[in-house]
Amino acid sequence: MGRPGINLVSDTGRARAGRRSALWLACGLSAATTVAGIVVAPVDGWQGPAQRLMYLHVPAAWVAYTAFAVVLLASGTYLIGGNLRWDRFARCAAEIGVVLTAVTIGTGALWGHLVWGTWWAWDPRLVSTVLLLLAYAGYLGLRRLAAERTGGPDGADHAVARPAAYAGIVAFLLVPVVHFSVVWWRSLHQPATVLAPERPPIDPRMGAALLLAVGAVTVWAFCVLVHRVVALERRLGAEPAADRTRVGVG
């Protein structure tokens, strides 16, 4: 039999070492992204230096989608098994997704101002992204209101976790709307580049820098997720054995 995997949210020496390794990896990828994005990748011939915002804007958007996918999966897993640890993962992933979506909107507004000459346009991608931000901010607000109503701690109370799980699942319906908005409606926003059906219309050096940036933001988000879950469980004094109580879904 192989060695068991490391539970990174536990409070053991191996888990702490694993978290430190992930942090070092995030720092290394960030350094590589900085060199690739500023030194190696060329400046876009039409947009100029403003195009370099792509190395933050696009990874923030993609990893926000991933964070919301974690909310979806963790919420569904909680409803099936009743383990509150999954609810804590959903909550912390939603926090990360909200922050990254706000970064996406902010960098997009700056990019649009530099290239289009305006901070805001009633573009389908922009409007749907703001709706996505509001949906998951509402998810977090629902958790707070439910905790205040029940008097139970958010992250260790089934009366909070259950309605939040349903809300987290429903909110994910906006993610494909945001992603495909540039295809379904007329939009100022450029269509897919790296995932375009034909050969990606991007310089290979730009593409490499972008993929490094996605990797860096992904690992940073993973580090923050694990740290937030660990910190939340310490604050709540959560006991995994108590979390395995099943709750009905009807």
Side-chain angles (χ1 to χ4, degrees), residues 4-27 60 63-103 132-172 217-249:
I6 302 175
N7 180 1
L8 290 178
V9 297
S10 65
D11 198 17
T12 65
R14 289 186 67 198
R16 288 191 291 272
R19 293 196 290 268
R20 285 194 298 270
S21 297
L23 184 61
W24 279 111
L25 177 60
C27 292
V63 180
Y65 292 165
T66 303
F68 296 142
V70 171
V71 177
L72 172 68
L73 295 174
S75 297
T77 304
Y78 162 73
L79 289 174
I80 293 171
N83 189 329
L84 281 167
R85 172 166 280 181
W86 289 110
D87 175 63
R88 292 189 283 273
F89 268 103
R91 170 187 162 175
C92 296
E95 293 170 346
I96 294 169
V98 165
V99 171
L100 288 175
T101 304
V103 170
L132 182 67
L133 175 65
L134 293 176
Y136 280 94
Y139 164 87
L140 294 173
L142 173 65
R143 299 187 67 101
R144 179 181 292 271
L145 289 174
E148 291 177 354
R149 180 177 61 83
T150 63
D154 185 2
D157 187 350
H158 292 291
V160 176
R162 186 177 176 187
Y166 288 118
I169 291 170
V170 172
F172 189 80
V217 176
T218 300
V219 178
W220 274 115
F222 174 78
C223 291
V224 173
L225 176 63
V226 172
H227 172 78
R228 288 288 296 131
V229 172
V230 170
L232 181 60
E233 294 196 339
R234 285 175 179 169
R235 187 168 74 247
L236 295 172
E239 297 183 6
D243 290 349
R244 286 193 285 269
T245 304
R246 292 184 60 86
V247 293
V249 296

* Decide side chain to side chain donor-acceptor pair (under 3.5 Å) for N83 and T77; before the verdict, give the C-alpha distance in whole Å, the side-chain angles of both, and the deciding distance to 0.1 Å. => CA-CA 8 Å; N83 189 329; T77 304; over 6 Å; no
* Audit row: T101, F68, side-chain contact (heavy atoms from CB on, under 4.5 Å) steps and yes/no -> CA-CA 10 Å; T101 304; F68 296 142; 3.4 Å; yes
* To do: State, to 0.1 Å, how close L133 and A102 come at their nearest heavy-atom pair, and which atoms those are.
  => CD1-N, 4.2 Å
* Rounded to the nearest 0.5 Å, how far apart are CZ of R85 and CG of L232? -> 10.5 Å
* **For A171 against L132, the heavy-atom pair lying closest together** => O-CD1, 4.4 Å
* Asked: Given side chains that start at C-beta, do those of L23 and W220 come closer than 4.5 Å, heavy atoms only?
  -> yes
* State the CZ-CG distance between R149 and L142, to the nearest 0.5 angstrom. => 9.0 Å
* To do: With the side chain counted from C-beta on, respond yes when R143 and D87 share a heavy-atom pair under 4.5 Å apart, and no when they do not.
  => yes
* **Salt bridge R162-D157, side-chain N to carboxylate O under 4.0 Å** => no
* Asked: So, do V98 and L140 sit near enough that their side-chain heavy atoms are less than 4.5 Å apart?
  -> yes
* By ring-ring contact (aromatic ring centres under 6.0 Å, His included), which residues pair with Y139, not counting sequence neighbours? -> none
* List the steps and the verdict of side-chain contact (heavy atoms from CB on, under 4.5 Å) for T66 and T218. => CA-CA 9 Å; T66 303; T218 300; 5.8 Å; no
* Closest non-hydrogen atom pair between A60 and L100, with its separation -> O-CB, 3.6 Å
* Asked: Rounded to the nearest 0.5 Å, how far apart are CZ of R88 and OH of Y78?
  -> 10.5 Å
* To do: State, to 0.1 Å, how close V219 and A22 come at their nearest heavy-atom pair, and which atoms those are.
  => CG1-O, 3.4 Å
* To do: Run the salt-bridge test on D154 and R144 with the 4.0 Å N-O cut-off and return the result as yes or no.
  => no
* **Smallest separation among heavy atoms of A165 and S75, with atom names** => O-CB, 3.6 Å
* To do: For V230, enumerate each residue passing the side chain to side chain contact (heavy atoms under 4.5 Å, CB included) test, keeping only those at least two apart in sequence or located in another chain.
  => V9, R19, V226, R234
* Could you grab the distance from atom CD1 of I169 to atom CG of L73, nearest 0.5 Å is fine? => 9.5 Å
* Value rounded to 0.5 Å, distance of CZ in R91 from CD1 in I96 -> 12.0 Å
* **Nearest heavy-atom neighbours spanning T150 and A159** => CG2-CB, 3.8 Å
* Can you find a pair of side-chain heavy atoms, one from Y136 and one from V71, that are under 4.5 Å apart? -> yes
* Does R16 CZ have over 12 foreign heavy atoms under 6.0 Å away? -> yes
